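Beneath this line is the structure, given in structure tokens, with notes to follow.
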Protein chains: 2
Amino acid sequence: MRGPRARRHHGGHWRVFARVERFTEPALLLLLRERPAHGYDLLERLPELTGEQRVEMGNLYRLLRALEEEGFVTSEWDATSPGPAKRRYAITPAGLKLLEQWVEALRRSQERTDRFLRRYEERR
Amino acid sequence: MRGPRARRHHGGHWRVFARVERFTEPALLLLLRERPAHGYDLLERLPELTGEQRVEMGNLYRLLRALEEEGFVTSEWDATSPGPAKRRYAITPAGLKLLEQWVEALRRSQERTDRFLRRYEERR
DNA sequence: CGTTACATGTGTCTTTTACATATAGCGGCA
DNA sequence: TGCCGCTATATGTAAAAGACACATGTAACG
């Protein structure tokens, strides 16, 4: 750790971003629970959940393959639709369980942050 | 990125831990707003806020010095109290502003996570 | 005198995230 | 036809964040 650098440059000033670690993983699983999709599609829809302008595509594709390796999603090449070949991902039962674990973890995180914010307000 | 490894081993099974990035920074600033303290003291009190069993001491001391370098905290050796010499940290006005930015960022993070959780519940 | 608790620190590796670049299909248009 | 922009997937690598291991010294207690 080298310093308070979570602040990112935005139009001439530094902002603090409070993001949940590895949040793209649950976000991606949630989108896939709603319906199967391919990477580029997820790339466009992820910001709804992450609040980021865009998710790093390189990391997204690697994450998808890592999730597949561990059996949380499956994929197959989709040659039916036009345009360049796309890999269609779907969530597996193991993926649903992982998502559930994420949800529980996120609820605990909410409670922690709530406690923090209340403590901040209480004694200001 | 190599895969979904935010899951940590705990008694034979893997758990997902949803933590806010760099959360020790605001936690530490909040504790210092309440009263000046030295590193070891903060180390013991941080888990109240972070929910972790303990915060990495190495990183904590580095973070404290980084925050001091950027003017968010000040410190001085405290020779008055007995025992080994301790460095007493206090928050500065800039530190208070940084804490405020963290609070705003954390509120936005809460909203994002709320949206995520509602969307999870809505369509299950 | 050895052990434990207090207190501050450095070194270094791994994991996570960011940034840059490569490759290729296809549609439109000048 | 040749170029551009959008779709789509992917690799390489640097930087940031976090984890783990170890070093150093004081002081209290038995």
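Being a predicted model, the structure only gives us computed values, none of them experimental. So that the names make sense, note that chain A is the first sequence line, chain B the second, and so on, each numbered from 1.
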From the candidates D/dT9, C/dT17, D/dT13, the one with an atom nearest any side-chain atom of A/Arg62 is D/dT13
| Thinking salt bridges, do A/Glu48 and B/Arg119 make one under a 4.0 Å N-O criterion? | yes
Check: B/Ala105 main-chain N/O paired with B/Ser109 side-chain donor or acceptor under 3.5 Å: no
Does OP1 or OP2 of D/dA10 have a side-chain N or O of A/Tyr61 closer than 4.0 Å? no
Of the candidates D/dG18, C/dA7, D/dG12, the side chain of B/Arg22 sits closest to D/dG18
message: So that I can tick it off, tell me whether B/Arg65 and B/Glu68 are bridged by a salt bridge, with the cut-off set at under 4.0 angstrom between side-chain N and carboxylate O.
response: no
When rounded to whole Å, the CG to P distance for the pair A/Leu43 and C/dC19 reads 15 Å
Whole-Å distance, B/Glu68 CD to C/dG9 C1', equals 14 Å
Between CG of B/Leu60 and C1' of C/dA7 the distance, given in whole Å, is 12 Å
Separation of C/dC19 atom P from A/Met57 atom CE, nearest Å, is 12 Å
Between CG of B/Leu46 and P of D/dA19 the distance, given in whole Å, is 13 Å
Ranking A/Glu56 and B/Tyr40 by the position along DNA chain C of their nearest nucleotide, the one closer to 5' is B/Tyr40
Looking only at N and O atoms, is any donor in the side chain of B/Asn59 or the base of D/dA19 less than 3.5 Å from an acceptor on the other one? yes
Q. So does A/Arg107 pair up with B/Glu121, basic N to acidic O under 4.0 Å?
A. yes
Closest of C/dG9, D/dC20, D/dT9 to the A/Arg87 side chain is D/dT9
To the nearest angstrom, the CD-P distance between A/Glu21 and D/dA16 comes to 17 Å
When rounded to whole Å, the CZ to C1' distance for the pair B/Arg65 and C/dT8 reads 8 Å
### Query
Any Lys/Arg nitrogen of B/Glu21 or A/Arg19 sitting under 4.0 Å from an Asp/Glu carboxylate oxygen of the other?
yes
note: A/Arg45, atom CZ; D/dT7, atom C1'; distance rounded to Å ~ 16 Å
